[in-house]
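All residue numbers in this chain count up from 1 along the given sequence.
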Amino acid sequence: MDEKRLKILEAAMEEFTEKGYQAASTNKICAKAGVSKGLIFHYFGSKEKLYIAAVSYAVDFATNEVSLEEKRWSDFVEMAIWSTKMKLDFNRKYPAVFGLIMQAYGNPPSELKGKLDGFFDKAIKRSEAQMNQVLNEMQLKKDVNMDAARKVMEALFQHITEKSTVFLQRHPNATMEDFIPLANDFTEMMRIVEFGICEEKKDSGE
């Protein structure tokens, strides 16, 4: 990629992450990148197209930086803790990239509604593949609906991720060993999901 174009994208990610789309200043992006305003519009045409290009670059960068090749998990607890540590580590290393992705995915500019469709499809498919990989490792009962099981696991995964995120924010240098108490709690939740909380009802006709 052209060096000047890359500098503009990096400066744009910082400005958009810090200020949001509406408040971001192309003049400040010029100053950070060390280029003229005319060059920005030469490369991108408009502030809107610059934002879209910055989001596209951020998503591609994150996808290439975080490799999931040959990565396997034995259960959702292990996957959730690994995922949380990965996200927080990535945020510490590349705050502008991470921030722009979270902004564009969770709270995209109203002006760009519909124009970011498809940007996160690959990431969503990767997440679904992770979920399916763990589900396939589990011995589900024959009468269990796979879609319903996936929804339950997604809800539990989100809960585990939120708890792990809070823990890591309070203990940024935590190791996997430090997660053992949390992992034990999560494992107990998984045990309940796997085996249920109620005794199997007997047939009243017996």
Residues Tyr57, Leu6; criterion side-chain contact (heavy atoms from CB on, under 4.5 Å); working and verdict: CA-CA 9 Å; Tyr57 174 78; Leu6 178 58; 3.3 Å; yes

Nearest non-hydrogen partners of Tyr51 and Gln103, listed with the distance: OH-OE1, 2.9 Å

Minimal non-hydrogen separation, Ala12 against Ala54, with atom names: CB-CB, 4.4 Å

side-chain contact (heavy atoms from CB on, under 4.5 Å) between Val35 and Ile8, worked out: CA-CA 8 Å; Val35 301; Ile8 293 171; 3.9 Å; yes

Minimum heavy-atom distance Val144-Ala149, with the two atoms named: CG1-CB, 3.9 Å

Distance in Å, Lys49 NZ paired with Ile40 CD1, rounded so as to fall on 0.5 Å steps: 15.0 Å

Nearest atoms (heavy-atom pairs only) where Ala58 meets Ile101: O-CD1, 3.5 Å

Residues in side chain to side chain donor-acceptor pair (under 3.5 Å) contact with Asp60, at least two apart in sequence or another chain: none

Closest heavy-atom pair and its distance - Pro108, Ala104: CB-O, 3.3 Å

Lys NZ or Arg CZ of Lys47 over Tyr21 ring: under 6.0 Å, within 45°: yes

Whether Ser56 side chain and Ile52 backbone form a donor-acceptor pair below 3.5 Å: no

Interatomic spacing from NZ in Lys4 to NE2 in His42 - rounded to 0.5 Å: 10.0 Å

Where Ala11 and Ile29 come nearest, the two heavy atoms and their spacing: CB-O, 3.7 Å

Common cluster, Leu100/Met86, ILVMFWY with side-chain heavy-atom separation under 4.5 Å: yes

Please set out all donor-acceptor pairs under 3.5 angstrom arising from side-chain atoms of residues 88-98, sequence neighbours excluded.
{"from": "Asp89", "atom 1": "OD1", "to": "Arg92", "atom 2": "NH2", "distance (Å)": "2.5"}
{"from": "Tyr94", "atom 1": "OH", "to": "Glu65", "atom 2": "OE2", "distance (Å)": "3.0"}

Side chain to side chain contact (heavy atoms under 4.5 Å, CB included) partner of Leu50, the single match among Phe16, Tyr43, Phe41: Phe16

Residue Lys32 excluded, over 12 heavy atoms near NZ under 6.0 Å: yes

Pairwise side-chain contact, Glu15 with Ser25, heavy-atom cut-off 4.5 Å (strictly under): yes

Spacing of Glu14 atom CD and Leu9 atom CG [to the nearest 0.5 Å]: 11.5 Å

Spacing of Leu156 atom CG and Met189 atom CE [to the nearest 0.5 Å]: 7.0 Å

Within 6.0 Å of NZ in Lys19, more than 12 heavy atoms from elsewhere: yes

Euclidean distance, Asn107 CG relative to Met102 CE, rounded to 0.5 Å: 12.0 Å

Other residues, nucleotides, ligands: >12 heavy atoms within 6.0 Å of Phe61 CZ: yes

By side chain to side chain donor-acceptor pair (under 3.5 Å) - contacts of Glu48 (at least two apart): Lys115

Within 6.0 angstrom of Glu3 CD, more than 12 heavy atoms from elsewhere: no

